[in-house]
Number of protein chains: 4
Amino acid sequence: MTRAGGTRAALLDAALAVFNERTYGDTPVAVVADRAGVSVGTLYRYFPSKEALGNAVYRLWKQRLAERLAAERSAGASYESTFAAMFRTFVGFAADHPEAFAFLELQQHESYLDVDSRTASTSIDQTAVDFVVQGQRAGEIRAGDPRMLVALVYGALVGLVKARRAGLRLTDEDLAAARAATWALLDVRSQAE
Amino acid sequence: MTRAGGTRAALLDAALAVFNERTYGDTPVAVVADRAGVSVGTLYRYFPSKEALGNAVYRLWKQRLAERLAAERSAGASYESTFAAMFRTFVGFAADHPEAFAFLELQQHESYLDVDSRTASTSIDQTAVDFVVQGQRAGEIRAGDPRMLVALVYGALVGLVKARRAGLRLTDEDLAAARAATWALLDVRSQAE
Amino acid sequence: MTRAGGTRAALLDAALAVFNERTYGDTPVAVVADRAGVSVGTLYRYFPSKEALGNAVYRLWKQRLAERLAAERSAGASYESTFAAMFRTFVGFAADHPEAFAFLELQQHESYLDVDSRTASTSIDQTAVDFVVQGQRAGEIRAGDPRMLVALVYGALVGLVKARRAGLRLTDEDLAAARAATWALLDVRSQAE
Amino acid sequence: MTRAGGTRAALLDAALAVFNERTYGDTPVAVVADRAGVSVGTLYRYFPSKEALGNAVYRLWKQRLAERLAAERSAGASYESTFAAMFRTFVGFAADHPEAFAFLELQQHESYLDVDSRTASTSIDQTAVDFVVQGQRAGEIRAGDPRMLVALVYGALVGLVKARRAGLRLTDEDLAAARAATWALLDVRSQAE
DNA sequence: AATGAATGAGCATTCATTCAT
DNA sequence: GATGAATGAATGCTCATTCAT
């Protein structure tokens, strides 16, 4: 099962897959190695420990998500349309890489994430907080602690993806409605007068 | 260290506490027994397995939350004010029982939850879905798949509590703003015309 | 195979035996447990690690040897007769507990001995150095760095026991000759005039 | 990092060095190869196994020591002066090649030494035993089992070197005293009349 | 009923050795 | 010849569960 990207990439892929079938903590490294089509010894040639492997998987996908989100801040666009783009990116990422999204957002990583991984995670938050702060200054996003608003929106998005993962089937129309509803979380016009 | 409620209650309390300090999966049963002030043997007299204990803790708190939420549907009140009451109940529950909330919503239980526990979980969803469906019929809640709307709202709430747990400090004013924003997720008046 | 002294004693006995058949480093803990007639898990109930077990065995026997040696310093006796008593004690200990002696003196312990164990070891040296210093003051033991003289005598004794272990058969007469020769290492009368 | 003597010599040097930093048993072959500046594969081209490498190192230095000792038996010299020369040779060897001496005398080799290596070891003993037997016939060395006397002397010498290695600092005067004391182990004149 | 000693399968990790390039 | 990636058996240690007292 070796891949074009080589053994290391095969291991990262296998790890993502099996960590999702159970959990990082419940998955023996032997299972990761098996899935990647290599021996345990080989896994340890590429990653010094199970923790290092977990961190590598986490960082890889957090960074990919961060890159996709960062790319959406287009110059002249309105906040609502920028939000719509970010929403689509986020939901699209979750659709394209359901295992990666589930691993990132639906598991507990506190026990093994190192500083670099936590930093990768923070970068997405920061992008979102910046967006909210600017939107508030422009009078398009409602008042309130920006981190709180981000937590609500991010939570709503995670809730959405989690529900789909649990079996909820949504049409494009549904998703457009979800986007509109989530934008209302931020929209200054939804603010009680 | 036995409690008023007896050994079983002491074990459930201890389990909730220690499952939060690490994770269900990372916590040896010996640690639960220790914390409860009993021996491992005794733990196994009250619960046939670690899984059974985990399920009991899960069900206990899911049911308590469900009861508090169900109690909020007052007869003549508007949907918005009912929502406000439910929001307060939910956030209040998380404030009163932070360990319970964290255990219920911030951990993965898939690997060990039995059917009964999953049902207990569904009951809260159902309460919420019923509320949304009725609100939609009454023309006060926006259109869209009710389960999707519930997922968004529930996700937003979890995101809020998670952020507080990660260190975000919020005033009562902030929480009122969070409630208003979350209501906008549902409010028909926030719907784009 | 449980012994009168209980599981812990059985483990210490088994450890001494198997550490001698190979080496501390070459002996899996499973082999120790097997020999003691218990499971690996039980071994770990009595000793937190293999290192701790190794240290416990080392300390136990070093202390027994130290006690036997310390008991030999009789009040009015001459240095030569005190030395003879210590020599007999030492050789007798090696004869009575060949495995213990071999473990203590013929293996490398540097990699795992803790401070307490090293202290137990030093106590024997100190007893010997004190003896030499007093003998020098009394004009019965030759001049020279006392630690150096102790190293020579201790080395000679270890060499003797090692040779017996390798198959050398010695009569009581031989041993008396060995004692006399070893005393010459210290005897002021053997000093070149 | 190849040496004048070629790859094989570089490997033997590297092995001696790293076997002393830890132990033969604790040293991965990869560390030996690294230190020698070659790959593991190359190491296995020169030595069929780790054991073979260990034996080669052992034999190499045992033979060098044996040669230096054997060279000391000068024709007309007295036994005491021959002994003095051998003592100096031995202590000098330990000073010139502390790693080699420590490897030979302060580690356990039983688990992997082959017959040839054991033979190399015996040859030194034989030289020493011959010396003692002749000295006894000449009436200059005390009575007693020659192998026993050799064991005492060899042990004393090892004890001396071990103590120096553990930090004991000795002047030339101290060493002369050590030599005199060690000779007393053999000297017929030290024998109790 | 309660205890806690005992069990042993299971896990992360290491390392001597092989072999395709 | 030389390389170093790959192998997989072996090791120290953990922990859910049982059971004699």
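These numbers come from a predicted model, not from an experiment. Naming convention: chains lettered A, B, ... in sequence-line order (proteins, then strands); numbering from 1 in each chain.
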Quick one: sort the B:H97 and B:W61 rings into parallel, tilted or perpendicular, breaks at 30° and 60°. tilted
Name the residue from C:R165, C:K62, C:K162 that meets the salt bridge (Lys or Arg N to Asp or Glu O under 4.0 Å) definition with C:E105. C:K62
To the nearest Å, give me how far apart [atom1] ([X]) and [atom2] ([N]) are.
X     : N      : atom1 : atom2 : answer
C:L11 : F:dC13 : CG    : P     : 14 Å
D:R8  : F:dG1  : CZ    : C1'   : 17 Å
B:D34 : E:dA2  : CG    : C1'   : 15 Å
B:F47 : E:dA2  : CZ    : C1'   : 16 Å
D:L43 : F:dG1  : CG    : C1'   : 15 Å

Would you say E:dG4 has OP1 or OP2 under 4.0 Å from some side-chain N or O of B:S39? no
Look at B:R45 and E:dA1 and indicate whether a side-chain polar atom (N or O) is within less than 4.0 Å of OP1 or OP2. yes
With ring centroids as reference points, do B:H109 and B:Y58 lie under 6.0 angstrom apart? yes
Would the distance check show the side chain of A:N55 and the main-chain N or O of A:E51 forming a donor-acceptor pair, the cut-off being under 3.5 Å? yes
Distance, nearest 0.5 Å, that separates CG of A:L106 from CG of B:L106: 11.0 Å
Once you apply the 3.5 Å cut-off to both distances, tell me the Watson-Crick or G-U wobble partner of [N], or none.
N      : result
E:dA12 : F:dT11
E:dT21 : F:dA2
E:dA1  : none

Would you check if there is a donor-acceptor pair between the side chains of C:T119 and C:T122 at a distance under 3.5 Å? no
Do you see a donor-acceptor pair shorter than 3.5 Å between the side chains of A:R59 and A:S117? yes
Describe the nucleic acid contact of A:Y46 in one word from base, sugar-phosphate, nothing, applying a heavy-atom distance below 4.0 Å. sugar-phosphate
Could you write nucleotides 13-21 of chain E as a row of B, S and -, 5' to 3', where a protein heavy atom under 4.0 Å of any base atom gives B, of only sugar-phosphate atoms gives S, and otherwise -? BBBSBB---
